[in-house]
Amino acid sequence: MTQMTAMFVMFVLYGLLPAAGLYLGYRGIKKFTAPKMLEYTAMPQLGYIPEKSLPVEIKTALDQINQKGKKLRLIYGDTNNDGKIDDKDTVNETYIMIQNLMDTHIPQAVADYRRLHDLDVADGALANTTKIKHSNVTGKEALLDILKTINTQFDDLLNASYHQDGQKLLVANRYLQSRFDDPTTTVEAPSLSNISNPNTVPNMDKNNDPNELNPQEENLQEASTQEKSTQRLND
């Protein structure tokens, strides 16, 4: 082993590996000790919120609104039913309302509560227990009232969408039943066994009596009758 090789091995064993171990250990400790962050994908304006900064009731309400809002955005935003919201969709007032609630009103309300929460060093006890002046609610209760109102509104929109789509199914079923129960044509198709060769069918008028004789047959019959009468007279 040359001197250069020995120096390289010593550098790896006593320099590079210990440094890598220290770095990985620091990253691991930082990861486990860092506060857990909450993310609401349907409301990106909320950003990442430390889990400990929100009470359980508020986290539950935000989770429900996040799930319902994601569905409502697609229901009322995807007007052409292609599975995505783009410039081809028609913007309606309901979609704009949902967008404003999730992008503006909810993030602003949560930010206001977090400021109240951060005012107290005792783990947010001030925002959770102290009533706001000229009111009978705390900061926590005020935020919960806002989230409850929005949650109820989202429930009503989902319920309306359910009944609207259900009516479409009922209308489609009634239409299909009417087509099958009352067909457009009621004339029976002729049976092939009743169709004869046109060259063998006599040309008869359907309004004439089939037992009625034509003029030529009548003349022959009269001549035959007269001939029989003459023979009887001669006898």
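Along the sequence shown, residues carry numbers from 1. Note that these values count all heavy atoms, side chains included, but never hydrogens, waters or copies made by symmetry. Computed from a predicted model, the values in this text were never measured in an experiment.
A 4.5 Å side-chain heavy-atom check between Leu116 and Leu126 finds every atom pair outside the cut-off. Looking only at side-chain heavy atoms (C-beta outward), Tyr76 and Ile96 stay at 4.5 Å or farther from each other. Within the 4.5 Å cutoff, the side chain of Leu147 has heavy atoms near those of the Leu62 side chain. Between Asn100 and Met97, every side-chain heavy-atom pair lies at or beyond the 4.5 Å cut-off. Side-chain contact between Ile65 and Tyr40 is absent, with no heavy atoms from C-beta onward closer than 4.5 Å. Side-chain contact check for Lys70 versus Met102: every heavy-atom pair is 4.5 Å or farther apart.
Other residues, nucleotides and ligands contribute over 12 non-hydrogen atoms within 6.0 Å of the NZ atom of Lys131.
The two residues Met43 and Asn66 make their nearest non-hydrogen contact at N-OD1, 3.8 Å. Looking at every heavy atom in both residues, Ala127 comes nearest to Thr138 through O-CB, 3.6 Å. Heavy atoms only, all atoms of each residue included: Leu46 and Pro107 are closest at CD2-CA, 3.5 Å. Summarising the geometry of Leu54 relative to Ile58, their closest heavy-atom pair is CD2-CG2, 4.1 Å, with the distance given to 0.1 Å. In terms of heavy atoms, Arg73 sits closest to Ala42 at NH1-O, 2.8 Å.
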Please lay out, stage by stage, how Gln177 and Asp181 fare under the test side chain to side chain donor-acceptor pair (under 3.5 Å).
CA-CA 6 Å; Gln177 287 182 345; Asp181 294 341; over 6 Å; no

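Between Ile75 atom CD1 and Leu157 atom CG the span is 9.0 Å, to the nearest 0.5 Å. Here the CG-CD distance, from Asn151 to Gln64, works out to 5.0 Å after rounding to the nearest 0.5 Å. Leu158 CG to Gln67 CD: the interatomic distance, rounded to the nearest 0.5 Å, is 11.0 Å. To the nearest 0.5 angstrom, Arg174 atom CZ is 11.0 Å from Leu169 atom CG. For the atom pair Asn173 CG and Ser178 OG, the distance stands at 9.5 Å (nearest 0.5 Å). Going from atom CZ of Phe154 over to atom OG1 of Thr149 covers 11.5 Å, rounded to the nearest 0.5 Å.
Every residue two or more places apart in sequence or in another chain that forms a salt bridge (Lys or Arg N to Asp or Glu O under 4.0 Å) with Asp155 is listed here: Lys68. Under the side-chain hydrogen bond (donor to acceptor under 3.5 Å, both in side chains) criterion, Gln153 pairs with no residue at all, not counting sequence neighbours.
There is a side-chain donor-acceptor pair under 3.5 Å between Gln108 and Asp112.
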